[in-house]
Amino acid sequence: MLPESVLACPARVLAQAQRVQFFRDGFVRLPGFFAGPAIARLQGALGELIELSRERPGNDEDYTVAPGHAAANPRLVTVRRVQDMHPAFWEFAARSKLADLAADLVGPDVKFREAYINFKRAREGEAVSWHQDFPFFPMTNRAMITALVHLDDVSEDMGPIAVVPGAHRGPVFDHYDGAGVWSGRIAECDEALAGVPRALAQPGPAGTVVIFDSCMVHGSAPNKTARNRPVLIVGYAAADAFAYTATPPSMYSRRTWQIVRGRGAAQAHFEAVPCRVPPDWSKQDYVPPDWPEGSNVLGPKSPTTEMGAQGIRKDKL
Ligand SMILES: O=C(O)CCC(=O)C(=O)O
């Protein structure tokens, strides 16, 4: 759906002015969108995933850990596919008002893309390079969005997500380096054109949601504080947006592209979004290890894993 058609559908959780703002600026920030109990449930689930990580000695398909990670001292960088790791995260991604928010921005038929948590540990959590999401998994149209949910209070000096207002209306930048190798980031020489100097950090209390367009230029600074910055990242797309390249194995789950609002699409909607295609993710790592903290280093492939009765993956029970 094009923005005019989305805006013509009744809003579920946003004011119409906020939807208009989203299409104009490419993002919207909703301080404290989720109240205490919803965030407390996610924090509890996160605590369980941290406990599970004590049994994981190093990087694997679910966890990326920092050097020194040990059972006695979990040092997590990223937990992937949290929708499969704990039922609270799937419930949140599929049944909470986050999916309604997605429907307000991509149209009533919404599919789930992925969910993961970036920790950005106290004093150690590094910057995330400037990038756009679209070139990682290009779609037949641009109605794909990413929501960051603050699982704790995030101040300016904790490395909150930063976005460049209006950058989604500019070009999709090359995410390869000068030698033609995938870098997963906008080249430094393109940063000014991408508007990076105008980027605005998006701090906020726990429960804040920052949601942005797939072509938004975004990144984040290091965490300079003594507190961790756990953020849940959930991606959605319009039902009629179809990926035209392989789904990265590090993202794949049986829930990838599952409809969470409305109905599936009988036809793809096509919109020209010129974009250099990413590498074939079925054959190479999602992002090279030179990304900060190796936070997207690919673990062993595990495309599907059966779920146990509690919704926690069987290999974790
Ligand atoms: O954790 C962050 O600050 C940014 C996350 C992000 O942009 C990503 O994972 O693509």
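Atom set for the values below is all heavy atoms of this structure, side chains included, hydrogens, waters and symmetry mates excluded.
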Exercise. I would like to know whether Asp84 and Trp90 meet side chain to side chain contact (heavy atoms under 4.5 Å, CB included); could you show each step before the answer?
Key: CA-CA 7 Å; Asp84 297 343; Trp90 176 244; over 6 Å; no
Quiz item: How far apart are the C-alpha atoms of Tyr236 and Arg261, what are their side-chain angles, what is the distance that settles it, and do they pass the side chain to side chain contact (heavy atoms under 4.5 Å, CB included) test?
Solution: CA-CA 10 Å; Tyr236 300 96; Arg261 287 290 180 277; over 6 Å; no
Practice problem: Would you check, one step at a time, whether the test side chain to side chain contact (heavy atoms under 4.5 Å, CB included) holds for Asp190 with Val196? | Solution: CA-CA 9 Å; Asp190 284 334; Val196 167; over 6 Å; no
Exercise. Kindly indicate, with the supporting measurements, whether the criterion salt bridge (Lys or Arg N to Asp or Glu O under 4.0 Å) is fulfilled by Lys224 and Asp157.
Key: CA-CA 6 Å; Lys224 298 183 186 136; Asp157 48 359; over 6 Å; no
Practice problem: Walk me through it: do Lys120 and Ser220 pass the test side chain to side chain contact (heavy atoms under 4.5 Å, CB included)? | Solution: CA-CA 10 Å; Lys120 213 175 259 201; Ser220 60; 2.5 Å; yes
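A donor-acceptor pair under 3.5 Å is absent between the side-chain atoms of Asp109 and the main chain of Gly264, judged by distance alone. A distance-only check finds no donor-acceptor pair linking the side chain of Arg229 to the backbone of Asn223 [under 3.5 Å]. Asp25 places no side-chain N or O within 3.5 Å of a backbone atom of Gly166 that could act as its donor or acceptor partner. At distances below 3.5 Å, at least one donor-acceptor pair connects side-chain atoms of Asp104 with backbone N or O atoms of Val13. In this structure, the side chain of Asp177 engages the main chain of Ala179 through a donor-acceptor pair within 3.5 Å. Side chain of Arg198 to main chain of Pro165: a donor-acceptor pair is present (N/O by atom type, distance under 3.5 Å, no hydrogens or angles). Remark: side-chain polar atoms of Lys111 are not paired, donor with acceptor, to backbone N or O of Ala237 under 3.5 angstrom. With hydrogens and angles disregarded, a donor-acceptor distance shorter than 3.5 Å links the side chain of Arg29 to the backbone of Pro203. His175 places a side-chain N or O within 3.5 Å of a backbone atom of Gln132 that can act as its donor or acceptor partner. Not a single donor-acceptor pair under 3.5 Å links the side chain of Asp240 to the backbone N or O of Ala268.
Side-chain contact check for Arg81 and Thr256: no donor-acceptor pair (N or O, by modelled atom type) lies under 3.5 Å. A donor and an acceptor atom, one from each side chain of Arg19 and Gln16, are located under 3.5 Å apart. If you check the side chains of Thr146 and Arg113, you find a donor sitting under 3.5 Å from an acceptor.
Contact record, Arg12 with Pro108: NH2-CB, 3.8 Å, taken as the closest heavy-atom pair. Here the closest heavy-atom approach between residue Trp281 and residue Pro278 is recorded as CZ2-CB, 3.5 Å. The two residues Ala99 and Val260 make their nearest non-hydrogen contact at CB-CG2, 4.3 Å. Here the closest non-hydrogen pair linking Ala194 and Val217 is O-CG2, 3.9 Å. When every heavy atom of Phe23 is checked against every heavy atom of Arg169, the shortest pair comes out as O-NE, 4.3 Å. Nearest approach of Thr140 to Ala241, heavy atoms of both residues: OG1-CA, 3.6 Å.
The distance from the NE2 atom of His168 to the CZ atom of Arg142 is 6.5 Å, given to the nearest 0.5 Å. Taking CG of Leu148 as the reference point, atom CZ of Phe27 lies at 12.5 Å (rounded to 0.5 Å). The distance from atom SG of Cys215 to atom CD1 of Ile145, rounded to the nearest 0.5 Å, is 12.5 Å. The line from CG of Leu2 to NE2 of His269 is 4.5 Å long, rounded to the nearest 0.5 Å. Distance check, rounded to the nearest 0.5 Å: CD of Gln202 to NE2 of His150 gives 8.0 Å. The structure places CD1 of Ile161 at 12.5 Å from CD1 of Ile211, a figure rounded to the nearest 0.5 Å.
Grouping the Ile, Leu, Val, Met, Phe, Trp and Tyr side chains by contacts below 4.5 angstrom, directly or via other members, places Val20 with Val28. There is no path of hydrophobic side-chain contacts, each under 4.5 Å, that joins Met251 to Phe242. Note: the hydrophobic cluster containing Ile186 also contains Leu193 (ILVMFWY, side chain heavy atoms under 4.5 Å, direct or indirect links). Hydrophobic clustering (ILVMFWY, side-chain heavy atoms < 4.5 Å, transitive): Val209 and Met158 are in distinct clusters. Taking hydrophobic clusters as Ile, Leu, Val, Met, Phe, Trp and Tyr residues chained together by side-chain heavy-atom distances below 4.5 Å, Val110 shares a cluster with Leu30.
Here the side chains of Arg121 and Val77 are in contact, with some heavy-atom distance below 4.5 Å. Within the 4.5 Å cutoff, the side chain of Phe119 has no heavy atoms near those of the Asn228 side chain. Taking the side chain as every heavy atom from C-beta outward, Phe33 and Lys97 approach each other to under 4.5 Å. For the pair Leu232 and Phe92, the minimum side-chain heavy-atom distance is below 4.5 Å. Looking at Pro138 and Tyr244, their side chains come closer than 4.5 Å, going by heavy atoms from C-beta outward. With a 4.5 Å cut-off on side-chain heavy atoms, Leu105 and Leu14 count as touching. Taking the side chain as every heavy atom from C-beta outward, His218 and Asp133 approach each other to under 4.5 Å. Side chains of Tyr63 and Leu52 form a contact here, defined as non-hydrogen atoms less than 4.5 Å apart.
Relative ring orientation between His131 and Phe136 is described as perpendicular, the plane-to-plane angle rising above 60° on a 0-90° scale split at 30° and 60°.
Surrounding CD of Glu4 are more than 12 heavy atoms belonging to other residues, nucleotides or ligands, all under 6.0 Å away.
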